[in-house]
Amino acid sequence: MKIKVLTVFTLAIALFLSACGKSDADLTKAVNDKLAADKVTGVTVAVKDGVATLTGEVGDITVKNKAEASAKAVEGIKNVTNNLTMKPRPAATPSAPDPALTAKLNDALKAAGCTGAIVAVENGKVTVTGEVPGAKYVTCIQTINQAGITGIENKLTKGK
Amino acid sequence: MSAQEKYQSLLELANQNGTSYELSEGDNGTLVVTGVAPSEEAKTALWDEYERLDPEFRSNDLILNISVGQAGGSGTTYTVVSGDSLSKIGKHYGIAWKSIWDANRDILSDPDKIYPGQELKIPV
C-alpha cells in the first residue's frame, strides 16, 4: 500500500515537472548561452519562475538593449527585468585650449562656407550665433561638432 | 530621459553601419560621441538620424564628432595591363588578391575577369 502511494506520488511529481517545461536553472544556462552567442559580456543572469533578471555594468545603452532582447528571445523566458547599468562616461576633453579651438573653428567654418557663424569658446564649450544660408545650416553644425568641442549652445539662425 | 536614451537609435545605427565610437561626458551632461564611420554615406545616415531626433540641433545635449575612415579611399590606384591577374597585382604590392577584390567590388563582378585599362583601388 505504502509503495503504491509512493509510486503514484512520484509519477505525479514527474508529470508536474514535465508539464512545467524547463527549470529555472536550465533557463539561466540558456540565457547565458544566448548572451554569449550574441557577444554580450558583463551580464549576470538570475531566473526565477521564468523571469530573468539582468544585472551588471555594460558599455552603453545599445548593449543594455541588446542583452534584454537576447534574454527575451530565449524560449521559456516570460519576462525580463533589465537592471543593467551603464558604465560612467569619462569626462570629454576639448581638442585644444580655448584660443586655439576658436582659431580652429573659424578656419574650419571659413573652409565650409559658414562665414556668417560667430563662435565664442569657453572651457571647450562653444556658443554659436550669427546666420548662415539655410542650405548650409547642417554643414555648419557638423563642422562645429567635429572640432573637438565639449559643449554647444546653438543659437545659429538660418538665413537665405 | 538621459541623452543616451534619447539618442539610442542613433547609437544602434552606428553599431549597424560599422561606425566605431566612444562616449564621453561634456559640459552639463552633454553626450559626446567621437567616432569613425566607414564611409561618407554611413556618416550622413547618422547625421540624418540626429536631425530626426533633434530637428535643427537645438537641444544642445549631443556632440556628434564623426569622421570618415580611410577604408581604401585614399590608397593608390593601379591601371590593369594585358596579362594581369588580381594575384599578380597583389604580389606586386605585397597584399592578398582578396583585399584588392574586396576594395573593388563596386567595379568588378568576377575576380577572374579584369580588363586592360581598368583602374583598381589598391588598399595599401
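We use all heavy atoms of the structure for the numbers below, so side chains are in, but hydrogens, waters and symmetry mates are not. The sequence lines fix the lettering, A, B, ..., with proteins before strands; numbering per chain opens at 1.
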Over 12 foreign heavy atoms within 6.0 Å of CG, N15(B): yes
Residue K104(A) excluded, over 12 heavy atoms near NZ under 6.0 Å: yes
Max heavy-atom pair count under 4.5 Å with chain A, selected residue of E51(B), E56(B), K43(B): E56(B)
Options T30(B), T34(B), D61(B), ranked by heavy-atom pairs under 4.5 Å with chain A, top entry: T30(B)
Can we say [X] and [Y] salt-bridge, meaning some charged N sits less than 4.0 Å from an Asp/Glu carboxylate O?
X       : Y       : result
R58(B)  : D54(B)  : no
K125(A) : E153(A) : yes
K64(A)  : E68(A)  : no
E49(B)  : R52(B)  : yes

Between [options], which has the largest tally of heavy atom pairs under 4.5 Å with chain B?
options                           : result
Q142(A), K87(A), K155(A), K158(A) : Q142(A)
G151(A), P94(A), P90(A)           : P90(A)
I144(A), N65(A), T93(A)           : N65(A)

Under 4.5 Å from a heavy atom of chain B, the part of [X] involved:
X       : answer
T157(A) : backbone
N123(A) : neither
K66(A)  : neither

Which atoms of E5(B) approach chain A - backbone, side chain, both or neither, heavy atom under 4.5 Å: both
Residue part contacting chain A, namely of L62(B), when any heavy atom lies under 4.5 Å: backbone
Validation row: V43(A), V63(A) side chains within 4.5 angstrom (heavy atoms): no
